[in-house]
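Shown next, in structure tokens, is the structure this report addresses.
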Amino acid sequence: MNTLAPAPQQPPPRSAAEPREILRFLACGSVDDGKSTLLGRLLHDAGLVADDHWDSVLQESARLDKTGGLPDYSLLLDGLLSEREQSITIDVAWRYFEAGHRKYIVADTPGHEQYTRNMATGASHCDAALLVVDARRGVQEQTRRHLSICQVMGISHVAVAINKMDMVNWDKLAFDKAKNAIEHFCRGAGYPLPVCIPVSALHGDNVFRRSDRASWHLGQTVFGFIEGVDIPAPDRDAPVRIFVQGVIRPDQSFRGIQGHVVSGTVRVGDSLRILPSGETAFVERIAGFDVDIDSVSAGLATTIVLDRNVDVARGDVLVSHDRCPMVVTDQVEASVIWMDEAPLLAGRRYEFRLGSATVPANVKRLMHRLNLQDPHEEEAVQLDRNDIGRCEISLERPIACDRHVDQPESGVFVLVDRISNATCGAGMITAVETRKVSWQDLEVDKLARSRLMGQSPKVAWFTGLSGAGKSTLANAVEKALYSRGLHSYLLDGDNIRHGLSRDLGFGDADRSENIRRVGEVARLMVDAGLVVLVAFISPFKRDRQMVRDMFTPGEFIEVFVNTPIEVCEKRDTKGLYRLAREGRIPGFTGITSPYEPPEKAEVVLDAGLESVDACVAQVMRALGVEAR
């Protein structure tokens with residue numbers, strides 16, 4: 001088998017004084033399209049594989065015998081046992097090598113749809129992308145998804161290696177078919193056309209050296225593409241962007257602002273503006289490890305001392321005083337790659353994280369979803385896992401940001417689940433709204449209204465299955481409040497459907513919007529000084545958390561009416577459970593749609609065993625009122 005291993009081809013020599021650039025590029029492709037083999041072949045033919053490592057690969061190739069007596073180049077990369085067993089890449093692996101005139105960092109990403117979020121993670125750090133396609137299977141949905149992710153993540157240099165050309169006898173028509181499908185998709189989606197290269201990774205054709213078997217191909221090899229990617233030099237005169245990580249005060253004589261310089265160069269004596277506050281100050285010192293330094297540029301962490309003690313905190317951004325195109329806004333439009341099992345729905349709240357800033361955010365509107373089959377933007381009510389779309393996002397408070405096309409480093413963000421802290425999506429800001437809508441302060445406020453009524457405004461949110469007794473108990477609590485001379489209002493799910501939410505259905509997206517609307521109404525009523533009782537199934541934890549976040553601590557009381565489903569069905573005079581079990585009511589909570597019970601409700605009622613009076617007493621105590 002050793003005799004079949006081609007002799008490594010050495011990279012061209014260079015001068016010892018010649019500087020080496022670093023190119024970060026992404027390697028991706030669908031499962032079994034040959035990405036690992038292609039990267040392995042590239043490393044081997046560049047002469048970057050140690051002899052003992054190569055010998056072990058040859059031995060393992062002979063044992064596995066998957067390549068017809070040829071070396072299995074993918075073994076140079078698939079280091080994890082779980083990856084070798086499944087013959088797939090699972091996680092992002094960072095490969096480092098030097099060849100030609102550059103150093104390279106390769107984000108070797110998984111191709112399986114299940115691990116798309118890993119691919120997006122790798123893409124967010126790269127300047128170029130190499131996408132692998134099997135010439136026999138052609139362009140797959142995952143191929144189109146990968147092309148779209150590269151675009152969303154701002155990767156402008158993309159090559160597609162149409163692999164396994166030896167399996168189609170180097171048929172130019174097969175290559176043209178795949179190339180045309182790729183270009184058709186990119187044109188339809190409005191993406192730049194990538195470079196397409198016919199390749200046989202197993203045999204090394206057009207990987208590191210040009211192949212005589214594809215004499216009709218006059219373009220680049222794979223290595224020629226990555227070697228030719230233009231890496232723009234850092235623009236030291238770009239507008240300054242420093243993400244503030246924190247403020248340190250080891251003693252009373254030193255107050256340093258720690259942060260990461262993502263753009264431009266800051267020098268001692270420069271005037272900086274702190275966003276979003278807009279305050280300005282001069283740079284008095286830039287602290288180094290041992291001694292102060294005169295300047296610091298993009299890509300470095302720094303500690304800056306300003307000439308006066310202005311208010312600065314984690315999440316703020318320091319920018320050039322006289323060059324400040326950065327926008328402070330609470331409304332953005334963005335392209336989003338959705339990664340979570342639970343869909344993205346308009347109305348749901350997430351943590352919006354950009355740089356060092358974290359702010360609660362609400363997805364106001366889903367504008368469209370990208371159709372990956374026939375590239376066009378289509379209307380949608382949700383984004384499912386691995387979908388790509390565009391949406392409007394409203395932030396709870398203004399932050400400083402840029403459009404990605406203007407400043408990539410300060411134009412990308414992630415959306416994080418507020419309950420699990422898992423990253424749900426990654427996005428790129430495409431537009432910002434500079435018109436800020438502010439809450440109008442009123443002279444008669446919530447405190448004044450509540451004092452006039454002699455009560456503490458709160459909302460008691462009753463949640464549970466249909467038939468659990470939410471409305472019955474909420475009615476009884478309101479009667480108890482009324483008997484004490486307290487001012488309240490009951491928002492019932494059925495009643496709301498007759499007016500405020502009459503335009504909504506019962507799908508997940510409409511249910512979330514229904515809860516958002518009711519939460520906003522309840523918030524206004526609490527601001528009016530009322531005790532608000534809300535009786536809604538509200539099956540999803542995220543939606544209930546969204547409403548809880550609308551209130552100050554202590555104002556929101558979650559009441560879980562924990563009635564067994566068997567009891568709920570016995571109480572069901574309308575026969576809804578029976579119809580749902582017969583499949584005549586789709587999306588019925590507890591039968592064909594899940595109910596996510598609260599984990600930390602302030603009040604838990606067993607309405608199947610406890611009396612109404614006992615349940616009312618528990619809720620009244622939680623409201624700070626003793627029942628009579």
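Along the sequence shown, residues are numbered consecutively beginning with 1. Note that this is a predicted model, so its numbers are computed, not measured.
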Which residues satisfy the side chain to side chain contact (heavy atoms under 4.5 Å, CB included) test with [X], sequence neighbours excluded?
X	value
Val444	Ala448, Arg449
Ala422	Ser420
Ser538	Trp461, Thr463, Ile515, Phe536, Arg544
Pro194	Val158, Val160, Ile182, Cys186

Under 3.5 Å donor-acceptor, [X] side chain and [Y] backbone:
X	Y	answer
Thr329	Gln331	yes
Asp543	Phe540	no
Ser335	Met428	no
Arg349	Pro360	no
Gln407	Asp402	no
Arg273	Gly278	yes
Lys446	Leu524	no
Arg102	Ile226	yes
Ser394	Lys364	no

Side-chain donor-acceptor distances from residues 279-289 under 3.5 Å, at least two apart:
unit_1, atom_1, unit_2, atom_2, d
Glu279, OE1, Arg308, NH2, 3.1
Arg285, NE, Asp292, OD2, 2.8
Arg285, NH2, Asp292, OD1, 3.2

Practice task
Please identify each residue that fulfils salt bridge (charged side-chain N to carboxylate O under 4.0 Å, His left out) with Arg187, with sequence neighbours left out.
Solution key: Glu183

Exercise for the section: Apply salt bridge (charged side-chain N to carboxylate O under 4.0 Å, His left out) to Glu409 and list each qualifying residue two or more places apart in sequence or on a separate chain. Expected result: none

If every non-hydrogen atom of [X] is compared with every non-hydrogen atom of [Y], which pair is closest and at what distance?
X	Y	answer
Ala522	Val459	CB-CG2, 4.3 Å
Asp127	His157	O-CD2, 3.8 Å
Ala27	Thr109	O-OG1, 2.8 Å

Handout entry: Passing option when Val266 is tested against Leu318, Val296, Val319 for side-chain contact (heavy atoms from CB on, under 4.5 Å)
Key = Val296

Handout entry: salt bridge (Lys or Arg N to Asp or Glu O under 4.0 Å) contacts touching residues 413-427 (sequence neighbours left out)
Key = Glu351-Arg418, Asp417-Arg542, Arg418-Asp549

Handout entry: Inter- and intrachain pairs under salt bridge (Lys or Arg N to Asp or Glu O under 4.0 Å), touching residues 381-392, at least two apart
Key = Glu333-Arg390, Glu341-Arg385, Arg365-Glu392, Arg369-Asp387

Handout entry: Set of side-chain hydrogen bond (donor to acceptor under 3.5 Å, both in side chains) partners for Tyr191, sequence neighbours left out
Key = Ser148

Handout entry: Sequence neighbours excluded, every pair satisfying ring-ring contact (aromatic ring centres under 6.0 Å, His included) that has a member inside residues 378-429
Key = Phe352-Phe413

So does [X] pair up with [Y], basic N to acidic O under 4.0 Å?
X	Y	value
Arg548	Glu555	no
Arg516	Glu513	yes
Asp108	Lys35	yes
Glu141	Arg144	no

Practice task
Decide whether Ser512 and Arg348 meet the rule of one side-chain donor and one side-chain acceptor closer than 3.5 Å.
Solution key: yes

Problem - Residues which pass ring pair (Phe, Tyr, Trp, His ring centres under 6.0 Å) with Tyr350, listed by chain and number, not counting sequence neighbours - result: Trp338

Practice task
Look at the rings of Phe25 and Tyr104 and say which category their plane angle falls in: under 30° parallel, 30 to 60° tilted, over 60° perpendicular.
Solution key: perpendicular

